[in-house]
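Read the structure below first, then the notes.
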Amino acid sequence: MHFDLQLNGRRALVTGGTKGVGAAVVKALHDAGVRVVTTAREVPQKRIPDVHYIAADVATAKGCTTVAEEVFQHLGGVDMVINVVGGSTAPGGGFAKLDDDVWQRELDLNLMSAVRIDRALLPSMIEQGSGVTVHVTSIQRELPLPESTTAYAAAKAALSTYSKSLSKEVTPKGVRVVRVSPGWVETEAAVALAERLAESAGTDYQGGKQIVMNALGGIPLGRPTKPAEVADLIAFLVSPRAGAITGTEFVIDGGTIPTV
Ligand SMILES: NC(=O)c1ccc[n+]([C@@H]2O[C@H](COP(=O)([O-])OP(=O)(O)OC[C@H]3O[C@@H](n4cnc5c(N)ncnc54)[C@H](OP(=O)(O)O)[C@@H]3O)[C@@H](O)[C@H]2O)c1
């Protein structure tokens with residue numbers, strides 16, 4: 001029997017939808033018949049026809065306002081918000097290298113982007129009595145790595161706590177709130193990182209990937225997660241099929257987290 005996600009004709013905003021996980025989410029939702037608006041700082045040359053791209057920096061309050069306004073203009077409302085934007089640009093070298101500017105940048109990108117986008121769009125979902133918002137966090141929120149990503153991990157932990165609190169408030173009003181927590185995902189940036197590591201260690205791409213996996217304490221599955229696998233999970237979670245799922249977190253990490 002065909003497993004229909006029942007997403008046809010619904011309206012979605014996906015933040016950070018031109019690369020990596022976000023691009024895979026845009027494709028999965030578009031393939032499922034969703035009307036998708038997405039955002040990145042730069043709109044790429046290669047676009048999916050029918051998907052509406054907005055150039056805006058969602059690490060700023062102004063950028064989030066721009067995105068929310070365009071969502072209402074283009075879709076007339078929204079049924080699902082998938083907050084994918086995030087990442088880290090912090091330097092290596094441990095806590096002493098993380099000055100206030102770095103901390104603020106990590107918090108603005110990984111926490112405040114979702115807080116601001118939700119604050120602008122959730123009232124319309126509450127008014128219509130239905131909707132879902134997804135927060136893409138990271139296994140680093142419970143398995144932090146101290147070399148350069150302490151601030152990133154702390155921002156993701158804050159995002160998860162914010163998400164849980166929000167779910168308690170808005171679920172009774174018809175809006176589901178869900179977290180998705182990936183382990184290492186084989187995005188374009190991850191491929192480039194493994195290639196760089198391979199080159200400096202004098203090994204091949206598989207060897208480069210192994211260096212990253214070893215740094216994580218190993219991945220029982222033996223490989224990173226594919227962006228499309230994260231996107232498939234999110235497509236299910238935003239669908240009516242997942243109508244009873246709210247206030248909880250889904251880890252997708254090939255078994256990386258070593259504890260129960
Ligand atoms: N990759 C992993 O291994 C991994 C693991 C765990 C969790 N995650 C989480 O998964 C999410 C996606 O990560 P990813 O690795 O797939 O990302 P990615 O490949 O680095 O892509 C990031 C996307 O977000 C956009 N973007 C970045 N900064 C932005 C900003 N300030 N305003 C608007 N758009 C912005 C980028 O386009 P522009 O550059 O044009 O802005 C791009 O479309 C993030 O929340 C990340 O923390 C990733």
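Ligands are counted one by one from 1 in listed order, and the atoms in each one are counted from 1 as well.
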protein heavy-atom neighbour closest to atom 34 (N) of ligand 1 works out as Ala40 CA, 3.4 Å

Restricting to heavy atoms, the pick from Val185, Thr89, Val58 nearest atom 32 (N) of ligand 1 would be Val58

Does Val21 reach ligand 1 with a nitrogen or oxygen that is under 3.5 Å from one of the ligand's nitrogen or oxygen atoms? yes

Cationic N near anionic O, under 4.0 Å, Arg11 to Asp79: yes

For Arg116, which of Asn83, Thr60, Asp108 qualifies under side-chain contact (heavy atoms from CB on, under 4.5 Å)? Asp108

Can you tell me which residue and heavy atom of the protein come closest to atom 31 (N) of ligand 1, and the distance to 0.1 Å? Asp57 OD1, 2.7 Å

Using side-chain heavy atoms (C-beta onward) and a distance below 4.5 Å, is Leu13 in contact with Leu121? yes

In the complex you have, is atom 39 (O) of ligand 1 within reach of the protein, judged by whether a heavy-atom distance drops under 4.0 Å? yes

Would a 4.5 Å heavy-atom cut-off, applied to side chains only, mark Glu249 and Glu142 as touching? yes

Within ligand 1, which atoms have a heavy atom of Thr137 less than 4.0 Å away? 7 (C), 9 (C)

Closest protein heavy atom (residue, atom, distance) for atom 29 (C) of ligand 1: Arg41 NE, 3.5 Å

Who's the nearest protein heavy-atom neighbour of atom 6 (C) of ligand 1, and how far? Pro182 O, 3.2 Å

Has Glu199 got more than 12 heavy atoms of other residues, nucleotides or ligands less than 6.0 Å from its CD? no

Note: Ile139, heavy atoms under 4.0 Å from ligand 1, region reported as neither

Can you list the ligand 1 atoms lying under 4.0 Å from a non-hydrogen atom of Gly16? 23 (C), 24 (O), 25 (C), 43 (O)

Quick check on atom 15 (O) of ligand 1 - does any protein heavy atom sit closer than 4.0 Å to it? yes

Please report the closest heavy-atom contact between Val212 and Leu193, naming both atoms and the distance. CG2-CD2, 4.1 Å

Report yes if the side chains of His52 and Val36 come closer than 4.5 Å at any heavy-atom pair, otherwise no. no

Before accepting this row, confirm whether a basic side-chain N of the pair Asp101/Arg105 lies closer than 4.0 Å to the acidic partner's carboxylate O. no

A student checking ligand 1 against Val136 at a 4.0 Å heavy-atom cut-off should list atoms 9 (C), 10 (O), 11 (C), 45 (O)

Would you call Ser124 and Val78 a side-chain contact if the rule is heavy atoms closer than 4.5 Å? yes

Decide yes or no for Val67 and Val58: does some side-chain heavy atom of the first lie under 4.5 Å from some side-chain heavy atom of the second? yes

Return the closest protein heavy atom for atom 18 (P) of ligand 1 as residue, atom name and distance. Lys19 CB, 4.4 Å

Per-atom contacts, ligand 1 versus Thr18 - under 4.0 Å to a heavy atom: 37 (O), 42 (C), 43 (O)

Atom indices of ligand 1 within 4.0 angstrom of Val84 heavy atoms, with elements: 11 (C), 12 (C), 44 (C), 45 (O)

Do any nitrogen or oxygen atoms of Glu42 come within less than 3.5 Å of a nitrogen or oxygen of ligand 1? yes

Residue, atom name and distance, where the atom is the protein heavy atom closest to atom 17 (O) of ligand 1: Gly86 O, 4.5 Å

Charged N to carboxylate O under 4.0 angstrom, Glu229 versus Arg223? yes

Out of Ala190, Gly183, Gly87, whose heavy atom is nearest to atom 4 (C) of ligand 1? Gly183

Return the minimal non-hydrogen interatomic distance between Ser113 and Cys64, and the atom names on each side. O-SG, 4.0 Å

Checking Thr246 against Ser167: is there a side-chain donor and acceptor pair closer than 3.5 Å? no

Heavy-atom distance under 4.5 Å between the side chains of Thr150 and Leu98, does that happen here? yes

Under 4.0 Å from atom 22 (C) of ligand 1, is there any protein heavy atom? no

Side-chain touch Leu7/Leu29, heavy atoms, less than 4.5 angstrom: yes

Mode of Ala56 contact toward ligand 1 - side chain, backbone, both, neither (heavy atoms, under 4.0 Å): backbone

Does ligand 1 have any atom that is closer than 4.0 Å to a heavy atom of Thr15? no

Looking just at side-chain N and O atoms, do Thr225 and Glu186 make a donor-acceptor pair shorter than 3.5 Å? no

If the cut-off is 4.0 Å to any non-hydrogen atom of Gly20, which atoms of ligand 1 fall inside it? 16 (O), 19 (O)

So which heavy atom in the protein is nearest atom 48 (C) of ligand 1, and how far is it from that ligand atom? Tyr152 OH, 4.4 Å

Identify, by atom number and element, the atoms of ligand 1 in contact range of Trp184, meaning under 4.0 Å from any of its heavy atoms. 3 (O)

What protein heavy atom is closest to atom 26 (N) of ligand 1, reported as residue, atom name and distance in Å? Val85 CG2, 4.1 Å

Measure Ala189 to ligand 1 on non-hydrogen atoms and call it side chain, backbone, both or neither using the 4.0 Å cut-off. neither

How does Glu188 reach ligand 1, by side chain, by backbone, by both or by neither, if only non-hydrogen atoms under 4.0 Å count? neither

